[in-house]
J.: 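Would you mind keeping the following structure in view while I ask a few things?
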Amino acid sequence: MAAAKDARVLTAYDYIIVGAGSAGCVLANRLSSDPDVRVLLVEAGGGDNHLIIQMPAACSIAARDPRFDWGYVSESEAFCKNRNILQHRGKVLGGSSSVNGMVANRGNPRDYDAWAAEGLPTWSFAHCLPYFRKMETFGGGANEWRGGDGPQSIERCQATHPLYQAFLEAGTEAGYERTQDQNGAQHEGFHIAQSFTRKGRRCSAAAAYLHPASHRPNLTVLSKTLTRRVVFDGARAIGIEAQTDETICTYPASREVILSAGAINSPQLLLLSGVGNPTHLLSHDIPVVADVPAVGQYLEDHQIVPIKYATPEGLSLSRRFRGLRPYGIGLRWLFFKSGLGASTMCEAGCFFRSSDTADYADIQHEFYPLTAEMGNPEANFDDGFMFSMGLMRPGSRGHVTLKSADPKEHPAIVFNYFTAARDQRIMINGLRRTREMAAQRAFDGLRQGEIVPGSDIQSDDEIMAWMRSVASTEYHPCSTCRMGVGEDSVTDGEGRVHETEGLRIVDASIMPHNVTANLNAPVIMIAEKLADVIRGKSPPPPSKLVPYY
Ligand SMILES: Cc1cc2nc3c(=O)[nH]c(=O)nc-3n(C[C@H](O)[C@H](O)[C@H](O)COP(=O)(O)OP(=O)(O)OC[C@H]3O[C@@H](n4cnc5c(N)ncnc54)[C@H](O)[C@@H]3O)c2cc1C
């Protein structure tokens, strides 16, 4: 990895990648594997060599640490009691993959087939599966669904705690299927979780893709450097303007500028650069380069609510985080990379249908044998367990717009959770089904009363009022620069920004819609696929496997 000061003496890079997150790390590795290609990777955050990033159990501490987090909060959310909702985003090598919860899911094949049906035929699941396999080394072993030699380690969790076992059993008792591999032939059902870990440590995209490529002389990484805007010659992107401390430099790109700044920052950068809705741009005195009105619109996220039950004292993992015990957890992890420190704390989960009329699973549970929430700074460690219930394919749409033309100012983020009536219905039904799961025999002796929402919350109106007061994010914003073929898209099916040349986006922002999964694996798959496109490599043949729906 060339030193930052070398950047000044190079006349041009072939590719400039903005953002060393999940997608940016993949691209930096794959594009620089050609020694004749010079790649510059620019990252606003710093290095990722910190214990709280490496130790899986510390993920919520890492996510909240201002050294690694952009610190975004939404604008006042009209449909959520005017609350400002926190949205952590990684600002560090590895991006959000360095601070995320490490829960590894691909999504349902139908998610990708729906992308294909919207005019993007090469994004069907059959086309994506070879790249899901290419990206990973699955600890459970390679097969026709799973990869065995990719950079990204994915491991199956242990799930030995009695509460995980009760959760899995309760699913069967309540009539749901059990899947042995939610990232294999069968997505839907109750499962033991899989995680982005390797031998007890977090395996971020930086660990998987960037650090192994760091010796390459044709790859330069500029960290602690904020990209301010894309530089254009007419409609052609010819470089970026970026700021390290107080020094502002222009870095030229001879082939492409690729934005991998994530679902919040990629649309912000486009807008700062003059690509977007002309009325919005001119209101901030930004000259219009390209009229692409969909930039920043159509924001989709997975909203979640926590459903918590009390347990008899000492049963849940909460007790392990009281007093001096966390030091013991930390020391064991430090010396042996084992014990609770090596756990993501979410070792079981499920994808299920909120009602019998749902076409396929529309709700996810991440199941925790404790009650602390990732995004809640007042994390409590009461004895209990928690279903973190997420709405997978929301109908509500939010947006990201500029509050200022200053690149250092945060953009305005509005999620609009629960604006779509169907989202309300799905979540109400999901809560009722969750209560049925919690009432199963498997939890007898382990479950005491419902902590939240609480047994007094029963009618649809009561449930909605509670949800509006507690809903938060699963940290899966996407679709703010959607791929597509219509006015509601920002890029074509290969991530090229409409009405421009030499400018591509590769990250969660280009997902046409959200998927029935956490987003790290889908984003890495997207980056693997588009890396082949950028390098002009023929894709592997589409898979002929038939998933079990
Ligand atoms: C707290 C949290 C928990 C999550 N939990 C999970 C989980 O358990 N499982 C899962 O699969 N997914 C999870 N996710 C989601 C997943 O990690 C993200 O969807 C995914 O990492 C997004 O990848 P990306 O490449 O689009 O963006 P990011 O990984 O966010 O990368 C964007 C990068 O661009 C940089 N950048 C932005 N603007 C600029 C600029 N102007 N100049 C220079 N650099 C810039 C950022 O600093 C960042 O490094 C979680 C996310 C968070 C934040």
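Sequence positions, counted from 1, serve as the residue numbers for this chain. Just follow the structure's listing: the first ligand is 1, and inside any ligand the first atom is 1. For clarity, every value in this text was computed on a predicted model and none was experimentally measured.
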J.: Can you find an N or O of His88 that's nearer than 3.5 Å to an N or O of ligand 1?
T.: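 No, since none of the N or O atoms of His88 sits under 3.5 Å from an N or O of ligand 1.
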
J.: Is there a side-chain contact between Tyr15 and Ser32 in this structure, where contact means two heavy atoms from C-beta onward sitting under 4.5 Å apart?
T.: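 Counting from C-beta outward, Tyr15 and Ser32 never come under 4.5 Å.
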
J.: Show me which atoms of ligand 1 lie under 4.0 Å from any heavy atom of Phe196.
T.: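 In order of number, 11 (O).
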
J.: As an exercise, identify every atom of ligand 1 less than 4.0 angstrom from a heavy atom of Met102.
T.: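 That gives atoms 7 (C), 8 (O) of ligand 1.
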
J.: Within this structure, what is the CG-OG distance for the pair Leu391 and Ser396, rounded to the nearest 0.5 Å?
T.: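 So the gap between those two atoms works out to 7.5 Å.
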
J.: Could you tell me whether Lys91 and ligand 1 have an N or O pair separated by under 3.5 Å?
T.: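 No: no nitrogen or oxygen of Lys91 is under 3.5 Å from one in ligand 1.
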
J.: Checking the N or O distance criterion of under 3.5 Å, is ligand 1 in contact with Glu474?
T.: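 For ligand 1, there is no N or O atom that lies under 3.5 Å from one belonging to Glu474.
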
J.: Testing Asn108, Asn514, Thr516 for side chain to side chain donor-acceptor pair (under 3.5 Å) with Arg393, which one passes?
T.: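 Only one of Asn108, Asn514, Thr516 forms a side chain to side chain donor-acceptor pair (under 3.5 Å) with Arg393, namely Thr516.
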
J.: May I ask you to decide if Gly395's main-chain N or O and Asp423's side chain share a donor-acceptor pair within less than 3.5 Å?
T.: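 Yes, the answer is positive, given that a donor and an acceptor are paired below the 3.5 Å cut-off.
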
J.: Sequence neighbours excluded, which residues qualify as salt bridge (Lys or Arg N to Asp or Glu O under 4.0 Å) partners of Lys134?
T.: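 For Lys134 the salt bridge (Lys or Arg N to Asp or Glu O under 4.0 Å) partners, ignoring immediate neighbours, are Glu528, Asp532.
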
J.: Roughly how far, to the nearest 0.5 Å, is the CD1 atom of Ile85 from the CZ atom of Phe415?
T.: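 Rounded to the nearest 0.5 Å, the CZ-CD1 separation comes to 7.0 Å.
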
J.: For ligand 1, note which part of Cys478 has a heavy atom under 4.0 Å away: side chain, backbone, both or neither.
T.: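 Looking at Cys478 and ligand 1, no heavy atom falls under 4.0 Å.
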
J.: Which ligand 1 atoms are under 4.0 Å away from a heavy-atom of Asp507?
T.: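 Those qualifying, in numeric order: 25 (O), 26 (O).
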
J.: Do ligand 1 and Asn520 have nitrogen or oxygen atoms that lie under 3.5 Å from each other?
T.: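 So ligand 1 has an N or O lying under 3.5 Å from an N or O of Asn520.
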
J.: Report yes if Val99 has an N/O atom closer than 3.5 Å to an N/O atom of ligand 1; otherwise report no.
T.: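 Checking ligand 1 against Val99, no N or O pair falls under 3.5 Å apart.
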
J.: What is the nearest protein non-hydrogen atom to atom 49 (O) of ligand 1, stated with its residue, atom name and distance?
T.: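 For this ligand atom, the closest protein heavy atom is Glu43 OE1, 2.6 Å.
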
J.: Within a distance under 4.0 Å of any heavy atom of Leu519, pick out the atoms of ligand 1 and give their elements.
T.: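 With Leu519 as reference, the close atoms of ligand 1 come out as 10 (C), 11 (O), 12 (N), 19 (O).
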
J.: Give a yes/no verdict on whether any heavy atom in Val92 is under 4.0 Å from an atom of ligand 1.
T.: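 Yes.
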
J.: I need the atoms of ligand 1 closer than 4.0 Å to a non-hydrogen atom of Leu226, numbered in the order shown.
T.: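 With Leu226 as reference, the close atoms of ligand 1 come out as 40 (C), 41 (N), 42 (N).
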
J.: Using a 4.0 Å cut-off to any heavy atom of Ala23, which atoms of ligand 1 qualify?
T.: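 Listed by number with element, the hits are 25 (O).
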
J.: Should one rank Ile505, Ile240, Thr227, Asn100 by closest heavy-atom distance to atom 41 (N) of ligand 1, which comes out on top?
T.: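 Minimum heavy-atom distance to atom 41 (N) of ligand 1 goes to Thr227.
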
J.: Atom CZ in Arg38, atom CG in Asp14: separation rounded to 0.5 Å?
T.: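 Answer rounded to 0.5 Å: 5.5 Å.
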
J.: So, regarding Val523 and ligand 1 (criterion: nitrogen or oxygen to nitrogen or oxygen, under 3.5 Å), is there a contact or not?
T.: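 No, there is no polar N/O contact under 3.5 Å.
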
J.: Using the six-membered ring wherever Trp is involved, compare the ring planes of Phe385 and Phe387 and label them parallel, tilted or perpendicular (cut-offs 30° and 60°).
T.: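 Phe385 vs Phe387 ring planes: perpendicular.
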
J.: Report yes or no: does Thr225 have a heavy atom closer than 4.0 Å to ligand 1?
T.: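 Per 4.0 Å heavy-atom rule, Thr225 contacts ligand 1.
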
J.: Take His88 and Tyr72 through the test ring-ring contact (aromatic ring centres under 6.0 Å, His included) and record every step on the way to the result.
T.: CA-CA 6 Å; His88 295 307; Tyr72 290 131; over 10 Å; no

J.: Is it possible for you to check whether Arg146 lies under 6.0 Å from the centre of the six-membered ring of Phe138, through NZ or CZ, and within 45° of that ring's axis?
T.: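 Yes, Arg146 sits over the ring of Phe138.
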
J.: If you measure from each non-hydrogen atom of His476 to ligand 1, which part falls under 4.0 Å: side chain, backbone, both or neither?
T.: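 The answer is the side chain of His476.
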
J.: Angle class for the His302/His476 ring planes (parallel below 30°, perpendicular above 60°, tilted otherwise)?
T.: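 The rings of His302 and His476 stand perpendicular, inter-plane angle above 60°.
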
J.: Which residue holds the protein heavy atom closest to atom 21 (O) of ligand 1, what is that atom called, and what is the gap in Å?
T.: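 The answer is Ser22 OG, 2.6 Å.
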
J.: I'd like to check which ligand 1 atoms, numbered from 1 as shown, lie under 4.0 Å from a non-hydrogen atom of Ser97.
T.: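 Matching atoms, with element in brackets: 21 (O).
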
J.: Regarding atom 32 (C) of ligand 1: of the candidates Ala521, Ser509, Ser260, Gly95, which has the closest heavy atom?
T.: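 Minimum heavy-atom distance to atom 32 (C) of ligand 1 goes to Ser260.
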
J.: Using distance alone, determine whether Glu366 and ligand 1 share an N or O pair under 3.5 Å.
T.: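 Among all N and O atoms of Glu366, none is under 3.5 Å from an N or O of ligand 1.
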
J.: So if I count the atoms of ligand 1 from 1 in the order they appear, which ones are less than 4.0 Å from some heavy atom of Gly262?
T.: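 Per the distance check, 26 (O), 27 (O), 32 (C).
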
J.: For ligand 1 and Ala104, I'd like to know whether there is a polar contact (N/O to N/O, distance under 3.5 Å).
T.: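 N/O-N/O distance below 3.5 Å does not exist for this pair.
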
J.: How are the rings of His161 and Tyr164 set to each other: parallel, tilted or perpendicular (split at 30° and 60°)?
T.: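 Rings of His161 and Tyr164: perpendicular, as their planes differ by over 60°.
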
J.: Counting heavy atoms only, name the option from Leu27, Asn265, Val103 that's nearest to atom 8 (O) of ligand 1.
T.: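 Checking each option, the heavy atom nearest atom 8 (O) of ligand 1 is found in Val103.
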
J.: Taking side chain as C-beta onward, heavy atoms only, is Asp301 less than 4.5 Å from Pro394?
T.: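 They are not in contact (no side-chain heavy atoms under 4.5 Å apart), so the answer is no.
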
J.: Please enumerate all residues that pass ring pair (Phe, Tyr, Trp, His ring centres under 6.0 Å) together with Phe352, with sequence neighbours excluded.
T.: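 Phe352 satisfies ring pair (Phe, Tyr, Trp, His ring centres under 6.0 Å) with Tyr176, His365 once adjacent residues are dropped.
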
J.: Please report the closest heavy-atom contact between Pro407 and Leu272, naming both atoms and the distance.
T.: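 Result for this residue pair: CA-CD1, 3.7 Å.
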
J.: Could you name the option among Pro407, Ala44, Gly24 that has the heavy atom nearest to atom 43 (C) of ligand 1?
T.: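 It is Ala44 whose heavy atom sits nearest to atom 43 (C) of ligand 1.
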
J.: Starting from atom 52 (C) of ligand 1, locate the nearest protein heavy atom and write down its residue, its atom name and how far away it is, to 0.1 Å.
T.: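 Of the protein heavy atoms, Tyr475 CB, 3.3 Å lies nearest.
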
J.: Can you figure out which of Ser96, Gly90, Gly101, Gly107 has its heavy atom closest to atom 18 (C) of ligand 1?
T.: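 It is Ser96 that holds the nearest heavy atom.
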
J.: Taking atom CG of Leu530 and atom CG of Leu31, what is their separation to the nearest 0.5 Å?
T.: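 That separation rounds to 10.5 Å.
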
J.: So does Ser97 get a backbone contact from the side chain of Arg202, meaning a donor-acceptor N/O pair under 3.5 Å?
T.: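 A pair under 3.5 Å: yes.
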
J.: Check if Ala263 has a non-hydrogen atom at a distance under 4.0 Å from any atom of ligand 1.
T.: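 Distance cut 4.0 Å: Ala263 fails for ligand 1.
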
